[in-house]
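Scroll down for the structure; my scribbles are underneath it.
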Amino acid sequence: MTANDRLAPATRAAQALRMIDARTGAVVPGVEPASTFARDEAYAPRQRYIYARDGGPTVEHAEAVLASLDGAADSLLFASGMAALVTLTETLAAGDRVAAPRIMYHGGQSWLYRLAERRGIHLDLYDQADPLGAARAVRGDTGWLWVETPANPSWDVVDIAAAAQAAHAAGARLLADCTAAPPCALRALDLGADVAFHSATKYLNGHSDLTAGVLSLRDAEFAAELRGLRALMGNVLSAWDAWLLIRGLRTLFIRWERSSQNALAIARHFRGHPKIAQVLYPGLPGHPGHAVAAAQMQGGFGGMLSLMVTGDGAIAHDVARLANVFLPATSLGGVESLIEHRKAVEGPHSVVPPQLLRLSVGIEDAADLIADLEQALERAG
Ligand SMILES: *Cc1c(COP(=O)(O)O)cnc(C)c1O
């Protein structure tokens, strides 16, 4: 156990594991952008670094912070969340079975459908809104169970411990997409997941200024296989973005708390509102996933919530257009609040109801955010 392990996760994050620069004493380590590393007199690598496609000092620092927060044997950083998922699925072989949610992050879903069409992967789809859906989807020959919690855009909550039990009973691995519940709120590996995936583009970085993806692994051997694949696929995160991500991670805990408080205030304000038919937020006791979320998450329920407007989809579309404080953009988990008409963004094949507005609530003043939604609802339709 190192000195860092005895400190609370919030302390480890705020100090980025207290990796003081050995040459200068700087409390903020520098960025090391080198693509290649010189050998010593004996022609051996001076440290373990050879070439930046394998990773480098700045990427490793960010990975160490993430592994510490996730309680992982190892965490790997990629150039985007999708790069991480694509690399993970490169370990699948033709004939392998994957159980995945029918409604899940659309990029990951498109990739799995492609693997099913072109690479001989068997895909079993299940309904994530059904608390037993994931467990029932697991068959004797399932290789991977894929869950997302809370899941876009209804914020259904998956009981990770129950999903892990079902997966492991069948000899399958559990992958948890925890993008909407970062490790300050939920430690999927502690609950039994084999891989915790995060799009670090979202809460982990938190400032909407980079794309990155993380795989946190329970098993060091599997992590080593993935490190080898990442080097071959060439999709490691750049040193500059790893450095920015370290800076973002320092404020993860307070950003999460503030976003959660703001989202809860918005959810409570619009619950029962004449222009809102339904508020989808796991922090509200009426949400079907509330009890599981309360048991497996800490520090709040996060900043993601959806509002179903009364009336037709044109009203929701108008609200997204007429908001002034909320920015009309996709993505989530940043300090600035975003509003999205998901149906319009996903296109005609989208299964998202047209009345749904997806909000990513940031750290601004809650009263400003509520007043903005009120004025947009007033002017819409
Ligand atoms: C954004 C996102 C991803 C993909 O991550 P990128 O960084 O955009 O490649 C995967 N899953 C979820 C839930 C996401 O929100």
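Numbering of ligands and ligand atoms starts at 1, following listing order.
For atom 6 (P) of ligand 1, the nearest non-hydrogen atom of the protein is G81 N, 3.3 Å. Here the protein heavy atom with the shortest distance to atom 11 (N) of ligand 1 is D177 OD2, 2.8 Å. Protein heavy atom in closest approach to atom 4 (C) of ligand 1: Y105 CE2, 3.4 Å.
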| From CA spacing to verdict: salt bridge (Lys or Arg N to Asp or Glu O under 4.0 Å), E148, R102 | CA-CA 11 Å; E148 183 179 325; R102 188 164 285 114; over 6 Å; no
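Ring orientation note: the planes of W256 and Y203 are nearly perpendicular, at an angle over 60° on the 30°/60° scale.
Using a 4.0 Å cut-off between charged side-chain N and carboxylate O, R321 and E340 make no salt bridge. R119 has a carboxylate O that lies under 4.0 Å from a charged side-chain N of E90, or vice versa, which qualifies the two as a salt bridge.
The S80 neighbourhood of ligand 1 comprises atoms 7 (O), 9 (O), with distances under 4.0 Å to a heavy atom of that residue. Short contacts between ligand 1 and F197, defined as distances under 4.0 Å to a heavy atom of the residue, involve ligand atoms 10 (C), 11 (N). Proximity to L332 (heavy-atom distance under 4.0 Å) selects the following atoms of ligand 1: 15 (O). Atoms of ligand 1 found under 4.0 Å from any heavy atom of E148, numbered from 1 in the order shown, are 13 (C).
Distances from ligand 1 to the non-hydrogen atoms of A212 include at least one value under 4.0 Å.
Side-chain contact check for H198 and D70: at least one donor-acceptor pair (N or O, by modelled atom type) lies under 3.5 Å.
Looking at R258, its side chain does come within 3.5 Å of a backbone N or O of E364 through a donor-acceptor pair.
Side-chain contact check for W146 versus L112: some heavy-atom pair is nearer than 4.5 Å.
Considering only non-hydrogen atoms, atom 2 (C) of ligand 1 lies nearest to K202 out of K202, H198, M82.
Within the cation-pi definition used here (under 6.0 Å to the ring centroid, within 45° of the axis), R173 qualifies as a partner of F222.
Checked against a 3.5 angstrom limit, the closest N/O atoms of L85 and ligand 1 fall outside it. Here's the thing with T211: none of its N/O atoms is less than 3.5 angstrom from an N/O atom of ligand 1.
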